[in-house]
Amino acid sequence: MTKETTLWNRLSAEQDKDAAYRLALGFGCQYLQTLPDRPVFPAAEALAALAAFDEALPERSLPARTVLSQLHELGSPATTAQGGGRYFGFVNGGALPAAMAARLLADFWDQNAALEVMSPIAAKLEAVCEGWLVDLFALPAGSAAGLVSGTSTATLCALLAGRNTLLRRNGWDVNERGIFGAPRLRVVMSDAAHVTVRKALAVIGIGAEQLIIVPADEQGRFDPGQLPALDERTLLILQAGNVNSGAFDPFAPLCEAARSAGAWVHIDGAFGLWARACQSTAHLTAGIEAADSWSVDAHKTLNSLYDCGIMLCRDRGALVSALQASDAYIQFGDGRDGMLYTLEMSRRARSVELWAALKSLGRAGIDELIAQLCQRARQFATELREHNFRILNDVTFNQVLVACESPEQTESALAQIQASGECWCGGSQWQGKPVIRISVCSWATTADDISRSAATFVAARDHARASLA
Ligand SMILES: *Cc1c(COP(=O)(O)O)cnc(C)c1O
């Protein structure tokens with residue numbers, strides 16, 4: 001009689017032997033060891049090899065190790081070396097070893113962090129992280145934190161809480177009456193607000209006609225001189241860290257004006273709120289404690305892993321009331337039920353690696369990490385200036401905006417840099433002209449990485465000069 005190989009037999013044999021997990025760990029460690037020498041953006045051959053994934057869904061089951069080997073052989077070469085020292089694209093942070101290791105362990109646990117009863121450990125760590133973050137950012141005691149996928153969602157949740165609170169104060173309960181026919185709210189923000197803010201506003205039912213867009217100053221900051229009269233039907237949206245220049249809005253006078261008018265202030269601090277956790281940059285965030293809500297990413301400046309956004313709200317009740325959900329089968333606990341603070345119900349336990357990131361660095365390590373990112377950004381700017389590049393922003397945080405002699409030269413040099421495999425930067429527009437946009441956001445970036453990348457810039461610019469001559 002042949003032994004029946006049911007799905008259960010096959011899968012439990014794989015699980016018993018740990019083989020697939022050890023293989024994954026081996027591949028992962030090998031990947032990290034080779035990270036410094038990998039092309040920062042995948043080579044053309046690696047991208048072409050991705051065509052192997054264009055296959056029909058297999059009819060029969062395959063062993064985990066077969067699946068994993070394909071991922072390692074074809075997938076690893078098609079990654080961007082984001083965790084290495086010379087990736088400066090977007091604002092993509094690196095990954096702290098303790099956070100990575102904790103995430104691995106949490107993946108073995110595979111917890112659902114919706115309710116305390118589903119995962120006491122996830123709930124405990126979420127509560128602990130909330131307290132630590134409120135302390136680290138020196139926000140009003142008792143502020144609530146929700147762990148979400150990123151700042152996009154954090155901003156969405158915070159603006160929902162703000163919208164519903166303003167409407168309630170104006171005699172309209174959204175949970176009872178819905179949004180249609182509600183008193184009109186308006187939103188004041190600068191033209192430098194992040195694209196995800198506009199997306200969140202559209203989702204919560206606020207259209208272009210309700211926006212008052214104020215022109216930002218030459219650094220991309222909200223100009224207080226342009227602030228319109230605010231009232232108790234206004235959401236004011238400010239920014240800690242302009243996505244191009246890294247500039248911070250002047251929070252103190254703006255928050256002050258909003259508070260006395262009864263407006264709701266939200267601060268998009270996706271990467272910049274962390275400035276508050278570092279002695280040398282905390283002054284950039286002076287006054288933000290007077291806002292009502294804040295959004296920030298743990299996966300950017302803190303170098304925790306993707307995906308971990310954090311929404312913070314002064315009024316816990318406002319947040320919970322905006323994101324309420326209950327049903328007979330939902331068993332709330334005495335501790336923390338994470339789903340009350342987010343859009344989702346089922347969620348992975350983000351609190352585990354966030355806690356590990358914060359605990360492993362400690363207050364001093366967080367300070368050092370942020371100071372180091374800023375120092376490397378200034379080094380990059382200095383080395384490029386020495387080679388006659390134009391630096392277009394005040395480098396107050398981790399962002400550097402670079403231009404060559406002409407827009408064509410800037411664009412051509414950027415294309416060279418992106419194809420070099422030596423380092424990677426994105427492009428953007430600044431005051432209507434193309435720029436190369438540098439974001440220093442990994443703990444792994446060394447002074448040598450900066451010098452090597454600056455040399456890549458020089459070679460790319462010289463090549464662009466020659467080809468455009
Ligand atoms: C990255 C970023 C966002 C969006 O955050 P996600 O985590 O990608 O959703 C919003 N605002 C600013 C300023 C950002 O840098």
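In what follows, residues are counted from 1 in the order of the sequence shown. Both counts, for ligands and for their atoms, begin at 1 and track the order of listing. Values below: every heavy atom of this structure, side chains too, minus hydrogens, waters and symmetry copies. Keep in mind it's a predicted model, so treat the numbers as computed, not measured.
- Both the sub-6.0 Å distance and the 45° axial angle are not jointly satisfied by R376 relative to the ring of F88.
- Using a 4.0 Å cut-off to heavy atoms of G150, the atoms of ligand 1 that qualify are 7 (O), 9 (O).
- Contact atoms of ligand 1 toward V243: 15 (O) (distance under 4.0 Å to a heavy atom of the residue).
- Within ligand 1, counting atoms from 1 as listed, the ones closer than 4.0 Å to a heavy atom of H299 are 7 (O).
- Near G241, with a cut-off below 4.0 Å to any heavy atom, the atoms of ligand 1 are 13 (C).
- Atom CZ of R390 sits about 7.5 Å away from atom NZ of K433, to the nearest 0.5 Å.
- The single protein non-hydrogen atom nearest to atom 13 (C) of ligand 1 is D268 OD2, 3.5 Å, given as residue, atom name and distance.
- Residues H266 and L236 have side chains not in contact (no heavy-atom distance under 4.5 Å, counting atoms from C-beta outward).
- Looking at A270, A192, S439, it is A270 that brings a heavy atom closest to atom 12 (C) of ligand 1.
- The pair D107-R348 fails the salt-bridge criterion, with no side-chain N (NZ, NE, NH1 or NH2) lying under 4.0 Å from an Asp/Glu carboxylate O.
- Scanning all protein heavy atoms for the shortest distance to atom 7 (O) of ligand 1 gives D297 OD2, 2.6 Å.
- Using a 4.5 Å heavy-atom threshold, the side chains of L340 and F332 count as touching.
- Residue F271 approaches ligand 1 through these ligand atoms, each under 4.0 Å from one of its heavy atoms: 15 (O).
- Around CD of E368, the count of heavy atoms belonging to other residues, nucleotides or ligands within 6.0 Å does not exceed 12.
- At the shortest separation from atom 9 (O) of ligand 1 among protein heavy atoms lies S152 OG, 2.6 Å.
- Note on R169 versus E232: no salt bridge recorded, every NZ/NE/NH1/NH2 to OD/OE distance being 4.0 Å or above.
- If you check which protein heavy atom lies closest to atom 6 (P) of ligand 1, you get T151 N, 3.5 Å.
- Residue, atom and distance of the protein heavy atom nearest to atom 15 (O) of ligand 1 are K300 NZ, 3.0 Å.
- The backbone N or O of W443 lies less than 3.5 Å from a partner atom in the side chain of Q372, making a donor-acceptor pair.
- Within ligand 1, the atoms closer than 4.0 Å to a non-hydrogen atom of H194 are 2 (C), 3 (C), 4 (C), 10 (C), 11 (N), 12 (C), 13 (C), 14 (C), numbered from 1 in the order shown.
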